[in-house]
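Inspection log for the structure reproduced underneath, given as structure tokens.
Computed from a predicted model, the values in this text were never measured in an experiment.
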Amino acid sequence: MARIEHAEIYLVPLEPKVTRFDAIQQFVCQETVIVRIHDVDGALGTGYSYTIGTGGSSVVALLADHLLPQIVGREAEEIEAIWRDLKFHTHATTVGAITSLALAAIDTALWDLRALRANLPLHLLAGGARTRIPAYTTEGGWLHLSKEELVEDAKRARADGFHGVKVKIGKPSVKEDVRRVAAVREALGDDLELMTDCNQVFAVDEAVRRARALLPFDLAWMEEPLPADDLDGHVRLAASTSIPVAVGESIYGVRHFRDYLQQRACSVVQVDCARIGGITPWLKTAHLAECFNVAVAPHFLMELHVSLACAVTNGRWVEYIPQLDEITTSRLRIEKGEALAPIEPGLGIAWDWDAIRARSEIMHAIRKAA
């Protein structure tokens with residue numbers, strides 16, 4: 001083992017390659033929070049999390065002022081203890097988005113450091129259930145796109161070998177959502193999966209109505225149909241439809257997932273490593289879902305989630321949304337529609353540090369314990 005010597009923080013804004021609108025917002029910028037943790041032996045691990053346009057500086061402030069100073073001098077291998085202690089140290093702000101995002105940046109850096117020191121890729125270190133996993137694409141399914149554009153992208157995704165396509169829904173009328181989904185289903189045929197994403201826009205009665213209208217299209221799931229804190233609404237919806245209900249990208253605690261699973265309020269878990277607080281609670285959530293025989297299809301962060309989804313037995317999908325290309329030299333490898341877990345030691349992400357430093361809006365160095 002080796003003690004943590006110092007850490008660095010970077011905040012890097014990244015604009016999406018394509019315009020991204022859903023039912024409640026536009027994704028205009030990914031504020032990428034990057035943490036590097038150095039140990040006394042000279043090894044270092046890199047972790048990250050993100051926001052979609054606001055709050056990045058708050059995450060950095062929490063890291064710089066309250067979290068990273070707590071871990072300088074600690075043994076880097078004590079990942080579980082560090083996560084627990086940092087959560088307790090910020091108990092007044094947990095469970096919540098800002099704290100989870102800050103914890104995630106530290107936790108993924110520690111896992112990267114552990115994997116690098118062990119000379120193992122993350123998917124093996126974290127479980128090693130498989131080496132590849134089906135991929136679906138969201139990049140051509142945004143809500144502002146016309147029906148014709150959705151069809152064009154669906155055909156391209158099919159030609160590229162993707163196993164599934166996701167379409168955003170939440171138009172003002174049911175009929176408009178139905179027309180868009182019907183056109184994509186026709187373009188895909190019956191052998192590819194079609195997912196829909198509501199981005200929490202509906203009240204429960206409207207979600208039940210939309211699910212009924214979309215039933216003929218054999219959807220893989222209906223994602224975030226209701227506000228994420230409406231557990232009772234999800235119970236009512238799940239009981240009313242045979243369409244699988246997917247939740248998780250806006251859930252920030254393992255016990256919240258437990259409540260959804262116990263109440264049979266979802267049938268797909270989309271736990272997001274950044275929003276749950278890192279790899280440590282991500283694995284707990286995935287194993288919890290396995291106990292309920294529920295699949296895991298993590299939200300976003302394909303460069304990290306490919307390894308995690310391959311680490312567990314109930315990993316089902318990886319979502320294709322490229323977002324790190326401007327600050328990395330590695331790329332997600334896809335063969336015949338399946339994403340391959342990186343075989344390189346660590347997270348398998350090759351960071352471009354010249355690009356990161358050039359783009360960083362905030363940089364901090366943390367060297368002394370509080």
Would the distance check show the side chain of R158 and the main-chain N or O of L188 forming a donor-acceptor pair, the cut-off being under 3.5 Å?
yes

Within the 6.0 Å centroid threshold, strictly below: Y50 and F300:
yes

Of V271, V254, L288, the one forming a side-chain contact (heavy atoms from CB on, under 4.5 Å) with P281 is V254

Tell me whether the rings of Y320 and F162 are parallel (<30°), tilted (30 to 60°) or perpendicular (>60°).
tilted

When clusters are formed by joining ILVMFWY residues with side-chain heavy atoms under 4.5 Å apart, either directly or through shared neighbours, do L332 and L304 land in the same one?
no

Sidechain N-carboxylate O distance under 4.0 Å for E152, R156:
yes

Mind running side-chain contact (heavy atoms from CB on, under 4.5 Å) on Q323 and L14 for me, showing each step along the way?
CA-CA 8 Å; Q323 190 61 25; L14 297 172; 3.8 Å; yes

Using 4.0 Å as the upper bound for N to carboxylate O, is an ion pair formed by D190 and R185?
no

side-chain contact (heavy atoms from CB on, under 4.5 Å) evaluation trace for W221 with V245
CA-CA 6 Å; W221 66 63; V245 175; over 6 Å; no

Flag for Y260-H234: side-chain donor and acceptor within less than 3.5 Å
yes

Spell out, yes or no, whether I321 and V33 are grouped together once hydrophobic residues are joined by side-chain heavy atoms under 4.5 Å, including indirect joins.
yes

Show your reasoning for whether ring-ring contact (aromatic ring centres under 6.0 Å, His included) applies to Y10 and W353.
CA-CA 11 Å; Y10 302 84; W353 288 105; 5.6 Å; yes

Take W351 and Y48 through the test ring-ring contact (aromatic ring centres under 6.0 Å, His included) and record every step on the way to the result.
CA-CA 11 Å; W351 301 96; Y48 71 112; 5.3 Å; yes

Do any N or O atoms from the side chain of K87 and from the backbone of I82 form a donor-acceptor pair under 3.5 angstrom?
no

T51 (side chain) donor-acceptor with G53 (main chain) under 3.5 angstrom
yes

Going by side-chain contact (heavy atoms from CB on, under 4.5 Å), K166 matches just one of E139, E193, E319. Which one?
E319

Whether the side chain of R130 engages the backbone of V312 through a donor-acceptor N/O pair (distance < 3.5 Å, no angle test) should be reported.
yes

Pair R3 + D39, salt bridge at N-O below 4.0 Å
no

May I have the step-by-step check of side-chain contact (heavy atoms from CB on, under 4.5 Å) for L62 and I98, ending in yes or no?
CA-CA 8 Å; L62 187 61; I98 297 298; 4.1 Å; yes

Centroid separation F257 to W282 less than 6.0 Å
no

Give the ring-plane orientation class for H163 versus W317, where under 30° counts as parallel, over 60° as perpendicular and anything between as tilted.
perpendicular

Closer than 4.0 angstrom, basic N to acidic O: yes or no for E344 and R333?
yes

Would L150 and V167 count as a side-chain contact (heavy atoms from CB on, under 4.5 Å) here? Give the steps.
CA-CA 8 Å; L150 292 178; V167 174; 4.1 Å; yes

Side chains of D107 and T280, donor plus acceptor under 3.5 Å:
yes

